[in-house]
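Let me begin by presenting the structure, written as structure tokens, before commenting on it.
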Amino acid sequence: MSASPEMTSSLFYTTLAPLRSAVPGSVPGAGGGGLVMTPMEPNVTSCEEWEEAHHLLFHLGNLSLFLGLVIPTTLTLHMILLRLMLMTGSCLFITWATLYRCNLDVMVWNVVFLLVNFMHFFYLVYKRRPIKIDRELKSVYKRMFEPLHVREALFQRLTGQFCTIQSLKKGQVYAAEDKTSVDERLSILLKGKMKVSYRGHFLHNIYTNAFIDSPEFRSTQMNRGEKFQVTIMAEEYCKFLCWSRERLTYFLESDSFLNEVFRYLIGKDITNKLYSLNDPTLSDKAAKKMERQPSLCSQVSMMQMRNSMGSTSDTDDIRNQIHRGGSSGSSHPVNQPTLSDPTLP
């Protein structure tokens, strides 16, 4: 099995000499014993001459792959740029294999790579599309959720499936004391102003971009079936974003980040309402400034506050009891929910 000199000179490689293996057997003339050397098929090649460098398109394709692999993962658009460079490399390889090598298998494989990377690229770009938030919800998002790094897509999920925008005319009641259940909903006021009263005595106002029933939501998380202890009425035409409490709770349990965001927002809103109780004459401007102040009443029990309201008809006495509760929060019964929450501002 030896090749002629003419054939070996026309090839870029040479066949190594056949390997021989020693197999036990008889060798003629050796007395019936000994080893027999049997030749094996040639299976190793070595380069005799190197081909010339490929076309520039081949090198540009590899350069595109290299650049895609060295893109830092710290870049925001890292995955999009990676897929874009892989697509560019595949296109260059397809052009090189088609025009300069006439190599079908290289062309087909790179067409497959191009299609796969294009699908990934399209999906990544689609995920980064601008999210269009409803005009009525933009103020809530900018004021409450965006500062806490809630992305627009997550906010859209929160407000797009199991909540509604409802309205009340002036004088209509959102909740009536001892009648309306606290287990049904949680709402944020989008437009207008509401008044909170207890047995006809004014307590405080609720302004835009604030929860309407945050104290009841927090204080009755462990005790269901209770009624509102205050009356909440629209002072003017109002619009509010309303969640089904049961579905919202289920959704928040599946998203720990958003659950912490709600705990913080509700705790902060309760604190602001306590400030308003201390000074119910606060103006809209003062109430907005108050939202940025630290909490001084984090130990006040909302249920004790409501109960203390029912023990007297004098609003001054009510506020005095709240002040005393803020300084002696450690004496509250254990079975009463308090506002001592690490998420409070």
Side-chain angles (χ1 to χ4, degrees), residues 134 136-145 155 158-159 162-221 223-224 226-249 251-252 258 261-277 280 282-284 287-288 290-291 297 300 302-303 305-306 309 337 339 341 344-345:
D134 192 284
E136 295 179 316
L137 302 179
K138 280 185 179 180
S139 177
V140 171
Y141 175 72
K142 294 290 184 181
R143 183 70 178 272
M144 300 177 65
F145 291 91
F155 180 75
L158 176 67
T159 58
F162 46 88
C163 70
T164 57
I165 296 178
Q166 302 180 15
S167 61
L168 289 176
K169 296 180 180 180
K170 181 178 180 180
Q172 288 186 320
V173 174
Y174 173 84
E177 57 186 275
D178 299 327
K179 293 182 180 180
T180 307
S181 173
V182 301
D183 296 335
E184 298 177 358
R185 55 188 175 177
L186 176 69
S187 304
I188 296 178
L189 187 60
L190 302 177
K191 178 182 179 181
K193 182 173 69 172
M194 290 185 172
K195 178 181 69 174
V196 181
S197 60
Y198 176 77
R199 295 185 179 178
H201 295 280
F202 172 78
L203 296 180
H204 63 87
N205 289 319
I206 301 175
Y207 301 96
T208 57
N209 300 326
F211 286 96
I212 298 176
D213 43 7
S214 56
E216 287 73 21
F217 182 83
R218 172 63 62 85
S219 62
T220 60
Q221 281 181 328
N223 302 312
R224 298 298 180 91
E226 297 190 10
K227 305 296 183 181
F228 274 87
Q229 298 180 15
V230 296
T231 296
I232 305 176
M233 180 183 296
E235 283 266 276
E236 54 191 58
Y237 178 76
C238 296
K239 278 190 175 183
F240 56 92
L241 180 66
C242 182
W243 284 280
S244 165
R245 177 167 177 165
E246 182 178 357
R247 298 185 66 181
L248 175 63
T249 302
F251 179 79
L252 294 180
L258 204 55
V261 168
F262 260 78
R263 288 183 61 193
Y264 171 80
L265 290 174
I266 290 175
K268 182 179 179 181
D269 186 80
I270 293 173
T271 305
N272 293 339
K273 286 178 171 56
L274 291 175
Y275 278 121
S276 299
L277 279 169
L282 285 175
S283 63
D284 294 9
K288 292 178 181 178
M290 182 185 62
E291 294 181 0
C297 309
V300 178
M302 289 306 300
M303 293 306 295
M305 181 186 71
R306 299 300 193 196
M309 293 175 185
L339 292 180
D341 197 316
L344 286 175

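Since we're looking at a predicted model, the values are computed, not measured.
- Contact check for I266 versus L186: side-chain heavy atoms found under the 4.5 Å cut-off.
- Between Y174 and F228, the ring planes are perpendicular. Angles over 60° get that label, and only those under 30° would be called parallel.
- Between Q166 and R185, the closest side-chain pair of non-hydrogen atoms falls below 4.5 Å.
- Annotation: side chain of I206 is in contact with side chain of V196 (closest heavy-atom distance under 4.5 Å).
- The salt bridge (charged side-chain N to carboxylate O under 4.0 Å, His left out) test applied to K227 returns no partner, not counting sequence neighbours.
- Here the closest non-hydrogen pair linking Y198 and Q229 is CD1-O, 2.9 Å.
- A 4.5 Å side-chain heavy-atom check between M194 and L168 finds at least one atom pair inside the cut-off.
- When all heavy atoms are compared, the tightest approach of I270 to R218 is CD1-CB, 3.6 Å.
- Nearest approach of I165 to L190, heavy atoms of both residues: CG2-CD1, 4.1 Å.
- Here CG of L241 is found 7.5 Å from OG1 of T164. Values are rounded to the nearest 0.5 Å.
- Residues passing the side-chain hydrogen bond (donor to acceptor under 3.5 Å, both in side chains) test with E136 are K239, sequence neighbours excluded.
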Candidate pair W243 and F217, rule ring pair (Phe, Tyr, Trp, His ring centres under 6.0 Å), full reasoning: CA-CA 12 Å; W243 284 280; F217 182 83; 9.4 Å; no

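- For the residue pair K169 and Y237, the shortest heavy atom distance occurs at CA-CD1, 4.4 Å.
- Considering CZ of F211 and CD of E216, their distance stands at 13.0 Å, rounded to 0.5 Å.
- Atoms CZ and NZ, from F155 and K138 in turn, are 11.5 Å apart once rounded to the nearest 0.5 Å.
- Of the candidates S214, C242, C238, C163, C242 is the only one forming a side chain to side chain contact (heavy atoms under 4.5 Å, CB included) with S187.
- The backbone N or O of D183 sits less than 3.5 Å from a side-chain atom of S181, completing a donor-acceptor pair.
- A distance of 11.5 Å separates CE in M144 from CG in L137, rounded to the nearest 0.5 Å.
- Residues F145 and F262 meet the side-chain proximity criterion, which asks for heavy atoms closer than 4.5 Å.
- Note that the CZ atom of R143 and the CG atom of L265 stand 11.5 Å from one another [nearest 0.5 Å].
- Looking only at side-chain heavy atoms (C-beta outward), T159 and D134 stay at 4.5 Å or farther from each other.
- Taking every heavy atom of both residues into account, N209 and S139 meet most closely at ND2-OG, 3.1 Å.
- Here the closest heavy-atom approach between residue A210 and residue D269 is recorded as CB-OD1, 3.6 Å.
- Between L158 and L248, the closest side-chain pair of non-hydrogen atoms falls below 4.5 Å.
- The side-chain hydrogen bond (donor to acceptor under 3.5 Å, both in side chains) test applied to T231 returns E177, not counting sequence neighbours.
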